[in-house]
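Report on the structure given below.
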Amino acid sequence: MESKKFKDIRAKLNKTQKEIAQLLGVSTKAIHSYEQDWRKIPHHVERQLLFLLSRTILNIDTPSEKCWDIQNCSDKKLKKCPAWEFNSGDLCWFINGTNCNGEAHDSWEDKMEECRACKVFNRFFEEEKEFKTNG
């Protein structure tokens with residue numbers, strides 16, 4: 001995630017640097033570093049930030065499609081998938097260890113590359129097109 005995207009999400013969440021630091025479990029100094037592009041944004045911080053954003057833009061009244069229905073997952077595939085195990089088919093992009101391509105991803109970057117092209121992820125960030133791109 002790029003520093004500009006980080007700042008844009010913080011603005012969308014209407015949080016100060018101190019408030020977002022508390023939500024993300026990092027120091028305010030770390031937030032300064034992320035936003036100035038002095039330090040790479042860690043995967044766990046990006047993940048948590050996207051989760052918070054998804055909760056603010058989710059329309060609770062809209063029934064969510066489950067990822068396993070969209071992907072037409074077999075029973076065999078479902079039994080290995082943590083999104084199905086924890087009944088989180090709308091948050092599959094948030095959960096590590098999902099296996100949309102048949103096996104778990106080797107890294108967060110690999111996972112997010114696939115997720116950014118997925119209907120489930122894009123449902124949350126439809127209006128936030130800049131968050132769907134890599135970086």
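The two atoms that bring Thr98 and Lys111 nearest to each other are OG1-NZ, 2.6 Å, heavy atoms only. Smallest separation of non-hydrogen atoms from Ile41 and Met1: CD1-O, 3.6 Å. Pairing each heavy atom of Lys119 with each of Ile70, the nearest pair is CD-CD1, 4.2 Å.
Leu24 and Trp108 fall within the same hydrophobic cluster, where Ile, Leu, Val, Met, Phe, Trp and Tyr residues are linked whenever their side-chain heavy atoms come under 4.5 Å apart, directly or through other members.
Between Phe121 and Trp93, the ring-plane angle classifies as perpendicular under the 30° and 60° cut-offs.
Put simply, the residue from Lys5, Lys40, Arg116 that forms a salt bridge (Lys or Arg N to Asp or Glu O under 4.0 Å) with Glu46 is Arg116.
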List, one per line, each side-chain donor-acceptor pair under 3.5 Å for residues 75-88, sequence neighbours excluded.
| unit_1 | atom_1 | unit_2 | atom_2 | d |
| --- | --- | --- | --- | --- |
| Lys77 | NZ | Cys100 | O | 2.7 |
| Ser88 | OG | Phe86 | O | 2.9 |

Counting only pairs under 3.5 Å, give me each side-chain donor-acceptor contact of residues 31-38, with atom names and distances, residues two or more places apart or in other chains.
| unit_1 | atom_1 | unit_2 | atom_2 | d |
| --- | --- | --- | --- | --- |
| His32 | NE2 | Gln17 | OE1 | 3.0 |
| Ser33 | OG | Lys29 | O | 3.2 |
| Glu35 | OE1 | Arg10 | NH2 | 3.1 |
| Glu35 | OE1 | Gln17 | NE2 | 2.7 |
| Glu35 | OE2 | Arg10 | NE | 2.5 |
| Glu35 | OE2 | Arg10 | NH2 | 3.4 |

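In this view, Leu13 and Ile9, Lys15, Ile20, Leu49, Leu52, Leu53, Thr56 satisfy the side-chain contact (heavy atoms from CB on, under 4.5 Å) rule, not counting sequence neighbours.
The pair Asp8-Lys12 does not count as a salt bridge, with every side-chain nitrogen at least 4.0 angstrom from each carboxylate oxygen.
Contact check for Cys118 versus Gln71: side-chain heavy atoms found under the 4.5 Å cut-off.
Of the N and O atoms on the side chains of His105 and Glu113, not one donor lies less than 3.5 Å from an acceptor on the other residue.
More than 12 heavy-atom neighbours from other residues, nucleotides or ligands sit within 6.0 angstrom of CG on Asp69.
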task = For the pair Lys18 and Gln22, evaluate side-chain contact (heavy atoms from CB on, under 4.5 Å) and give the outcome as yes or no after the intermediate values.
result = CA-CA 6 Å; Lys18 181 178 180 180; Gln22 290 169 335; 3.8 Å; yes
